[in-house]
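Working notes, structure below.
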Amino acid sequence: MNSVYIPYVNINNFLIDNVGSFDYKHANSILVEKILDNSRNNDEKKMVVNFNPGHFEVIVVQNQKLLFFNSFEYQTPEDFLYYLLFTAEQSNLNPEIFPLELLGTIDQNDPFYAIAYKYIRNISFLDVSTLQQKNSFSLKENQKHYILFQS
């Protein structure tokens, strides 16, 4: 995957002037890198969704191979479901079988979770317990700010 983005030059110059040189990455680059690391030695295809207000990212991986990545905007739970099922179809994933792991601002009481669960049977939340051991934040906060805490 090639992630093309333009960082804020003024902010970067300010940081370089005040703290020295640094490596910077796009948030989605960090997300994909960590999801790929988590898929090591797992030959099963899985879908991971990073859910946020107004948009979400979908990643499909298999044993450290990126099969699909895209970011979608949504307004309704039906929009969310459409993109999940379309991605599953294009990736040859059976909604009755493939694992879908969620992170971000979604929880089990969310109507977006409910509609996804109605059509995709194997839904869970990404295991962030190892990450949580490295900080003092709650499980929910580690799921919500997964990319930030991985930076």
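A distance of 8.5 Å separates OH of Tyr119 from CG of Leu85, quoted to the nearest 0.5 Å. The structure places NE2 of His145 at 12.0 Å from CG of Leu103, a figure rounded to the nearest 0.5 Å.
Grouping the Ile, Leu, Val, Met, Phe, Trp and Tyr side chains by contacts below 4.5 angstrom, directly or via other members, places Phe51 with Leu84. A single hydrophobic cluster is seen to contain both Phe69 and Leu126, as judged by linkage of ILVMFWY side chains at heavy-atom distances under 4.5 Å, directly or through other members. Cluster annotation: Tyr74 is connected to Tyr82 through the hydrophobic network of ILVMFWY side chains, with a link wherever side-chain heavy atoms come within less than 4.5 Å. By the criterion of side-chain heavy atoms lying less than 4.5 angstrom apart, applied directly or through intervening Ile, Leu, Val, Met, Phe, Trp or Tyr residues, Val48 is not grouped with Leu67; the two fall into different hydrophobic clusters. In the hydrophobic clustering of this structure, Ile59 does not group with Ile97; members are Ile, Leu, Val, Met, Phe, Trp, Tyr whose side-chain heavy atoms approach within less than 4.5 Å, directly or through other members.
Residues forming a side-chain contact (heavy atoms from CB on, under 4.5 Å) with Pro77 (at least two apart in sequence, or on another chain): Pro111, Phe112, Ile115. Shown here are the salt bridge (Lys or Arg N to Asp or Glu O under 4.0 Å) partners of Lys144, two or more places apart in sequence or in another chain: there are none. Partners of Ile123 under the side-chain contact (heavy atoms from CB on, under 4.5 Å) rule, at least two apart in sequence or in another chain, are Leu100, Leu102, Tyr113, Ala116, Tyr117, Ile120. For Glu89, there are no side chain to side chain donor-acceptor pair (under 3.5 Å) partners, not counting sequence neighbours. Among residues two or more places apart in sequence or in another chain, the ring-ring contact (aromatic ring centres under 6.0 Å, His included) test is passed with Phe14 by none. Residues satisfying the side chain to side chain donor-acceptor pair (under 3.5 Å) test with Lys46, not counting sequence neighbours, are Glu101. When the salt bridge (Lys or Arg N to Asp or Glu O under 4.0 Å) test is applied to Glu141, no partner is found at least two apart in sequence or on another chain. The side-chain contact (heavy atoms from CB on, under 4.5 Å) test applied to Lys118 returns no partner, not counting sequence neighbours. Here Phe68 pairs with Val58, Val60, Asn70, Phe72, Thr87, Ser91 under the side-chain contact (heavy atoms from CB on, under 4.5 Å) rule; sequence neighbours left out. Legend: residues meeting salt bridge (Lys or Arg N to Asp or Glu O under 4.0 Å) with Asp107, ordered by chain and number and at least two apart, are Lys140.
Residues Val61 and Lys45 have side chains not in contact (no heavy-atom distance under 4.5 Å, counting atoms from C-beta outward).
Here the shortest heavy-atom pairing between Phe98 and Ala88 reads CE2-CB, 3.8 Å. Between Val128 and Gln143 the shortest heavy-atom distance is CG2-CG, 3.8 Å.
Within the 3.5 Å criterion, the main-chain N or O of Ile106 finds no donor-acceptor partner in the side chain of Asp110. Remark: the backbone N or O of Phe137 is paired with a side-chain donor or acceptor of Asn142 at under 3.5 angstrom.
Under the side chain to side chain donor-acceptor pair (under 3.5 Å) criterion, the residue pairs touching residues 54-63 are Asp43-Asn63, Asn50-Glu57, His55-Glu57, Glu57-Ser71, with sequence neighbours excluded. Within the structure, side chain to side chain donor-acceptor pair (under 3.5 Å) contacts touching residues 120-130 (residues at least two apart or in different chains) are Asp127-Ser129.
Close placement of the Phe56 and Phe80 rings is indicated, their centers lying within 6.0 Å of each other.
With respect to Val32, the side-chain contact (heavy atoms from CB on, under 4.5 Å) criterion is satisfied by exactly one of Ile30, Leu36, Ile35: Leu36.
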